[in-house]
Amino acid sequence: MSLISAQDLTKVYTVGELRVHAIKSVSFVVERSSFVSFVGPSGSGKTTLLNLIGCLDRPTSGSLTVAGADTSVLSRTEAADFRGKNLGFIFQDFNLMPILTVYENVEYPLLVIQNVSNEERKKRILSLLDTVGVLDQKDKYPDQISGGQKQRVAIARALVTNPRLVLADEPTANLDSKTAFRIIDTMHQMRDELGVTFVFSTHDRKIVSEVEHIYTLTDGKITEKAEGQGGGDV
Amino acid sequence: MFKLVKIAFRNLLRYKRRTLLTSSLIAVGVTFVLVFVSSSSAFKNLMISQITDSMLGHIQVHKQGYMASIDSLPLTMNLSQKQYEKLKKAILSVPGIQAYSPRIKFAGMFSNFMETTNIRINGVYPDKETDVVPLLPGRVKQGEKVIKKGEIFIPELLAKGLNVKVGNTVVVIATNRDGSVNGKQFRVGAVIESVTGPGGRDGYIHIEDAKELLRLEEMEVSEVALRLKDFDELHRVSSELQSALSIDVNKSGKPLFDVRTWEALSPFYNVSRMIEVMTFFIRLMLIAIVLISVMNVMIMAVFERIREIGTIAAIGTRPGKILYLFLIEGFFLGVVGTFAGIIITCLTTYIINAVEISFNFGRQVGLILSPRLEIEQIVLISVIVIVVSILAALQPAFKASRMEPINALRHV
Ligand SMILES: Nc1ncnc2c1ncn2[C@@H]1O[C@H](COP(=O)(O)OP(=O)(O)OP(=O)(O)O)[C@@H](O)[C@H]1O
Ligand SMILES: [Mg+2]
């Protein structure tokens, strides 16, 4: 079974009298351990689609199955638990907790969401920080490190719970193109090492050349499906 | 849980000035209330013991109807020998009474052979009276501490007004029950300080002298004053005594004996009630201060952290945990403020005790206010403040926990 399967997925926002069709009857599947990108201009529906996949929002119609669960029937708390167990999130603005150190930021999902033994927890955090390349920054606070480093920390945070799927909404939008490439590279490397599925969005076509599956979104519809050079080496 | 506590704590430290301001406000409120409560209750207790220990006693028993005409000190309303014996038996049957003193009270004329004025006199057994009102000997300004037969203790005002000194001979004239008049010479044994309140300007003689002066054939008493072992048992003892005496009824079917605590005998009781009412309102004010200040900071905190709330909610923090996170912050604000307040209170009371603030109450001068912090008061105030802090955080915390992650994340 596919990790994500969307059938006639539709999302309509109602703002007063106005109805905005953000996602229009979209169907696609994402297989396990794949590396997928949704590319499209501003307003094309990328964030909306990722929010639906991430159980942060509910579809207006159509069906969406993520990791075997029908996401439209989950209660608030169930959805929170589902996200904590199965999903990892990477945000455009990094969204690290300013009051926590790099180490503590990565630790947070383990502490609040899953109860893992201290020993195991420490090992996992340190090894992840090492893999994403910010181990030497572990005792600094977010405002003491660069944007690229912040996003690496965020990648580590997204991966620390061993999720099945990591969702990243424009993870590179706030980074210069060199750093952006490196971040995509790191994500790719994580996919290769851990077998985690990555789904991310971007409006910058240049950085997705390496991605395996590239969906182009236009006005809430998938208008193109392309295979990148990333290659399915899992 | 511990992790939530750590995060809440760090969040408070993040806005140091605001946290400091709020907890100082709470601390000041706590200090104010505790100092007020301990000072006012010290004042109250001091006053009560002044009044009860220098003349009133804790409880008094009269014949029914005596109190209604107390101004004229009617001899016709005295308890007879038989009734007094009954009363004594009842007093001995109720546990918790330390001492009792029978008194004959009457109004008379007091003369130094040149001038005459009126006087109210208590005839007492000196040792019994001192057991019930231990501050009486302390009121003696000049002369002996203990009343002997043939002697009279007169209030300071009278001594000054008639220019009478200790050792002088005076005469007291009193109307007997049958309307005849009798006089008796006394030696002034002591001049005593007057105290505020009913009976504060009375003179004292030995009860045997009173009996003789009033030509009583057998023992009669106007009132019996009681002192308890433990003042806190006032109401228990009073009602037990009342029920022990309730079998005796007068012709109209009312109880023969009238048992009253100091509260029904001294006007100061109203002052003490007022102090209690004020204490209540001051506590209420503290609650308002804590509620408003904590709620204010927490609303700001939630508003400023909308994106963070969205983030932690998105990565799987349950709404309940987010609620806790903010409640813990409110709790901490309350705890820190209370703790600081208690420390400042301890210092303040220490200082008040050290500088010995003295005040005058009526004719008594140089009473020293010595507030004592009662552990129950501290616990009560702490619990109130901390609970109110949590309640104040509840609404903002609830709002935070109900936020939709996508809306919160979009917030700039
Ligand atoms: N909560 C909302 N209420 C109403 N309309 C919305 C809401 N969220 C998104 N939209 C609309 O839905 C459409 C898709 O928005 P979405 O944010 O998914 O686009 P996007 O591809 O992520 O754009 P960007 O690159 O600017 O982030 C837009 O027209 C947007 O105005
Ligand atoms: Mg977007």
Legend entry - Crowding at NZ, B:K399 (>12 non-hydrogen neighbours, <6.0 Å): no
Inset, instruction - Check A:D93, A:N95, A:L96 against B:T311 for a side chain to side chain contact (heavy atoms under 4.5 Å, CB included) and give me the one that passes. - result: A:N95
Inset, instruction - May I ask you to check whether over 12 heavy atoms, not counting those of B:Y15, lie within 6.0 Å of atom OH? - result: yes
Inset, instruction - With the side chain counted from C-beta on, respond yes when B:R305 and A:I99 share a heavy-atom pair under 4.5 Å apart, and no when they do not. - result: no
Legend entry - Atom pair CZ (B:R402) and CZ (A:R76), whose distance is rounded to the nearest 0.5 Å: 4.5 Å
Inset, instruction - Would you name the heavy atoms of A:F91 and B:A314 that are closest together and state the gap between them? - result: CZ-CB, 4.0 Å
Inset, instruction - For B:F398, look at atom CZ and say whether over 12 heavy atoms of other residues, nucleotides or ligands are found less than 6.0 Å away. - result: no
Inset, instruction - Kindly give the heavy-atom pair with the smallest separation between B:R14 and A:P98, and that separation in Å. - result: NH2-CG, 3.5 Å
Inset, instruction - Quick one: pull up CD1 in B:I7 and OH in A:Y108 and give me the separation to the nearest 0.5 Å. - result: 5.0 Å
Legend entry - Residues, nucleotides or ligands: over 12 heavy atoms within 6.0 Å of B:F9 CZ: no
Inset, instruction - Using a cut-off of 6.0 Å, state whether more than 12 heavy atoms not belonging to B:K44 lie near its atom NZ. - result: yes
Inset, instruction - Would you indicate whether A:E193, at its atom CD, is surrounded by more than 12 heavy atoms from other residues, nucleotides or ligands within a distance under 6.0 Å? - result: yes
Inset, instruction - Sort A:E78 into side chain, backbone, both or neither according to what part of it lies under 4.5 angstrom from a heavy atom of chain B. - result: neither
Inset, instruction - For B:R318 and A:T77, indicate whether the former's side chain and the latter's backbone hold a donor-acceptor pair under 3.5 Å. - result: no
Inset, instruction - Please examine the side chains of B:R10 and A:L100, heavy atoms only from C-beta on, and report whether any two atoms are closer than 4.5 Å. - result: yes
Inset, instruction - State whether the number of non-hydrogen atoms from other residues, nucleotides or ligands found under 6.0 Å of B:M274 atom CE is greater than 12. - result: no
Legend entry - Closest-packed option against chain B by number of heavy-atom pairs under 4.5 Å, given A:L87, A:L56, A:N51, A:D57: A:L56
Inset, instruction - Kindly compute the distance separating CG (A:L52) from CD1 (B:I406), expressed to the nearest 0.5 Å. - result: 8.5 Å
Inset, instruction - Please say whether more than 12 non-hydrogen atoms of neighbouring residues, nucleotides or ligands are located less than 6.0 Å from CZ in A:F28. - result: yes
Legend entry - Engaged part of B:L409 at the chain A interface, taking heavy atoms whose separation is under 4.5 Å: side chain
